[in-house]
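Take a look at the structure below.
Chain identifiers are assigned alphabetically (A, B, ...) following the order of the sequence lines, protein sequences preceding nucleic acid strands; residue numbering begins at 1 within each chain.
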Protein chains: 2
Amino acid sequence: MKKFSCGYEVTMEVIGGKWKGLVLYFLMSGPKRTSELKRNIPNITQKMLIQTLKDLEASGLVNRKMYNQVPPKVEYSPTELGESLKPILQELCLWGSHFAEQEYAEGEFEIVSPDEAF
Amino acid sequence: MKKFSCGYEVTMEVIGGKWKGLVLYFLMSGPKRTSELKRNIPNITQKMLIQTLKDLEASGLVNRKMYNQVPPKVEYSPTELGESLKPILQELCLWGSHFAEQEYAEGEFEIVSPDEAF
DNA sequence: CCGTATCCCTTATGATACTG
DNA sequence: CAGTATCATAAGGGATACGG
């Protein structure tokens, strides 16, 4: 059993890292196929995408629905628990956008080709 | 200049990782000396603590106030920008606590010796 | 289309000893 | 007390090729 001393650490265990929060956030706008997500987040590799989705599913934040057909079709969507993170993810995104705006002058941060989903 | 495609990534750049958000959260309850923080977060090494504080300061989230005396005294406190993250950090902490409670039955997550600050 | 398997590299983090 | 330096290790992530 993993031990933590505060809820913050737990949350980070679940959505921390480079991709988990981001992928979950994309799913908030509705069920998505693997290939859709890959297109939405071009920088993610297929390996990391699948691995991230597995992690999120294992944590109970994401549902995986498989259609038995050829070619295969799989859809991911947030569970209720996953949905409960929506406002937080939105705030995190918003805060970062404002921060980047302020810091843009210093030439430190820049948000390029912001996706519509955000 | 670092490029991002969404605010979420920016926020994670600033408070992501194992310690940054946690240390910042602890500072929310008021200015703290280095040694205080170390006591509050026993698992962090001195190296990581100092490094984390430096990062937070460089991002403009934390102020470092040095008193010229012997033995040295240094106090860290959140800037206004840092303060603006307070509600988000609280929600992240709260969400994790609830999650851990729910998952406790599965024997996956446990929050031990929760600090008063949380 | 979806997912797996390797191999490799970078980065983040940790242990420890040391200085003003 | 606050901070630095060095070395070592672990974890995360990326590139690529392959399979059902």
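- Where A:Pro72 and A:Ile44 meet DNA chain D, the nucleotide closest to each residue was compared, and A:Ile44 sits on the side nearer the 5' end.
- Among all heavy-atom pairs drawn from A:Val14 and A:Lys20, the shortest one is O-CD, 3.4 Å.
- Whole-Å rounding puts the A:Lys32 NZ to C:dC1 C1' distance at 18 Å.
- Between A:Arg33 and C:dC2, a side-chain N or O to OP1/OP2 separation shorter than 4.0 Å is present.
- For the pair B:Tyr67 OH and D:dA2 P, the interatomic distance rounds to 11 Å; values are reported in whole Å.
- When each of A:Glu101, A:Gln102, A:Glu103 is paired with A:Phe109, the side-chain contact (heavy atoms from CB on, under 4.5 Å) condition holds for A:Glu103 and for no other.
- In this structure, the CE atom of A:Met66 is 8 Å from the P atom of C:dG3, given to the nearest Å.
- One can place CD of A:Glu57 at 13 Å from C1' of C:dG3, the figure rounded to the nearest angstrom.
- B:Glu83 and B:Thr79 are not linked by any side-chain donor-acceptor pair at a separation below 3.5 angstrom, with hydrogens and angles left out of the test.
- The distance between atom CH2 of B:Trp19 and atom P of C:dG14, rounded to the nearest whole Å, is 6 Å.
- Among the atoms of the strands shown, only primed sugar atoms or phosphate atoms (P, OP1, OP2) are found under 4.0 Å from some heavy atom of A:Tyr76.
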Residue pair B:Lys32, B:Glu75: steps toward the salt bridge (Lys or Arg N to Asp or Glu O under 4.0 Å) verdict: CA-CA 5 Å; B:Lys32 302 248 177 317; B:Glu75 266 187 353; over 6 Å; no
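- Considering only side-chain N and O atoms, B:Lys18 lies under 4.0 angstrom from the phosphate OP1 or OP2 of C:dG14.
- The distance between atom CG of B:Asn68 and atom P of D:dC1, rounded to the nearest whole Å, is 18 Å.
- The residue from B:Asn40, B:Leu61, B:Leu53 that alone fulfils the side-chain contact (heavy atoms from CB on, under 4.5 Å) condition with B:Leu27 is B:Leu53.
- For B:Gln69, the CD atom is densely surrounded, since the number of other residues' heavy atoms within 6.0 Å is greater than 12.
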Would you tabulate the nitrogen or oxygen pairs shorter than 3.5 Å linking the protein to nucleotides 4-7 of chain C?
| from | atom 1 | to | atom 2 | distance (Å) |
| --- | --- | --- | --- | --- |
| C:dT4 | OP1 | A:Lys54 | NZ | 3.2 |
| C:dT4 | OP2 | A:Lys54 | NZ | 3.1 |

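- Within the 4.0 Å cut-off from OP1 or OP2 of C:dC1, not a single side-chain nitrogen or oxygen of A:Lys38 is found.
- For D:dG13, neither phosphate oxygen OP1 nor OP2 lies less than 4.0 angstrom from any side-chain nitrogen or oxygen of A:Thr45.
- At least one side-chain heavy atom of A:Asn43 sits less than 4.5 Å from a side-chain heavy atom of A:Trp19.
- Taking atom CE of residue B:Met48 and atom C1' of nucleotide D:dT6, one finds them 16 Å apart after rounding to whole Å.
- In the helix from C:dG3-D:dC18 to C:dG20-D:dC1, the terminal helix axes, each the rotation mapping four pairs' C1' atoms onto the next four within five end pairs, subtend 40°, rounded to 10°.
- Taking atom CD of A:Gln51 as the reference point, atom C1' of D:dA11 lies 11 Å away to the nearest angstrom.
- You'll find the side chain of B:Tyr25 reaches within 4.5 Å of the side chain of B:Cys93, heavy atoms only.
- Residues A:Leu22 and B:Tyr8 share a closest heavy-atom pair of N-CE2, 3.6 Å.
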